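Encoded as structure tokens, the structure appears first; notes follow it.
Any value given below was found using the heavy atoms of this structure, including those in side chains, with hydrogens, waters and symmetry copies removed. Only a predicted model underlies this, so the values are computations on that prediction, with no experimental measurement involved. Chain A is the first sequence line, chain B the second, and so forth, proteins listed ahead of strands; every chain is numbered from 1.
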Amino acid sequence: GAGVSQSPRYKVAKRGQDVALRCDPISGHVSLFWYQQALGQGPEFLTYFQNEAQLDKSGLPSDRFFAERPEGSVSTLKIQRTQQEDSAVYLCASSFGYQTNTGELFFGEGSRLTVL
Amino acid sequence: QQPVQSPQAVILREGEDAVINCSSSKALYSVHWYRQKHGEAPVFLMILLKGGEQKGHDKISASFNEKKQQSSLYLTASQLSYSGTYFCGPDFYGQNFVFGPGTRLSVLP
């Protein structure tokens, strides 16, 4: 596709359920980022991939959060045993360049997760 | 290492000017500016790479100081379409983007 695609756009989960959020970056983009954005806040860094390698996962808030990008293109962010504090918009962004020369980040529309 | 942005919010009338500042305690590799409208994804505005650099397009421009620790975004003759939240994204060499808290800009008719 022409842009970064995320699915689902909206997800409602009961507390304790597992969820999986998908990101399809722009074809050929090396770098892929996941961010968490709470209402009224700036995007908070979660994790970074360079191709299939997860080079930085320092922003993942707990071991309930897991991300992968097995073939260096599509990425999945998985949240296990969801909690109410996980409610947020999860943004995926991709970039053509490598970590130290990332250039413009292209963001997807985000996946809004609501945990009841 | 989240950058400091100021002001937190600003309200303008159409045609007025605004300046949004972003500062870091460490020298940056580059600095990005993004605008996010309510319910939408952040959109890239520009990137500055060199100390002392100034660049812009239309009526939105930005500067990066010589020490590469401070950047300012200039919005001149603001339009209604400029409303949104502006984020700076400092790029620390070898590390990843940590966006600033954002500056909420409201342009009124």
Can you tell me which residue among F106(A), F107(A), Y35(A) is in a side chain to side chain contact (heavy atoms under 4.5 Å, CB included) with P42(B)? F107(A)
I would like to know whether F45(A) and F99(B) meet ring-ring contact (aromatic ring centres under 6.0 Å, His included); could you show each step before the answer? CA-CA 8 Å; F45(A) 171 79; F99(B) 285 94; 9.8 Å; no
Given heavy-atom pairs under 4.5 angstrom as the criterion, report whether the side chain, backbone, both or neither of Q37(A) touches chain B. side chain
Contact class of Q41(A) relative to chain B, heavy atoms under 4.5 angstrom: backbone
Is it the case that over 12 heavy atoms from other parts of the model lie below 6.0 angstrom from the CZ atom of R69(A)? yes
Compare every heavy atom of F44(B) with every heavy atom of E104(A), then report the nearest pair and how far apart it is. CG-CG, 3.2 Å
Near L39(A) CG, under 6.0 Å, is it more than 12 heavy atoms from other residues, nucleotides or ligands? no
Q36(B) portion near chain A, given a 4.5 angstrom heavy-atom threshold: side chain
Greater than 12 external heavy atoms within 6.0 Å of L108(B)'s CG: yes
Residues, nucleotides or ligands: over 12 heavy atoms within 6.0 Å of E85(A) CD: yes
Among G108(A), G42(A), G40(A), S58(A), residue most engaged with chain B (heavy-atom pairs, under 4.5 Å): G42(A)
Has H57(B) got more than 12 heavy atoms of other residues, nucleotides or ligands less than 6.0 Å from its NE2? yes
Can you confirm whether more than 12 heavy atoms, excluding those of R15(A), are under 6.0 Å from its CZ atom? no
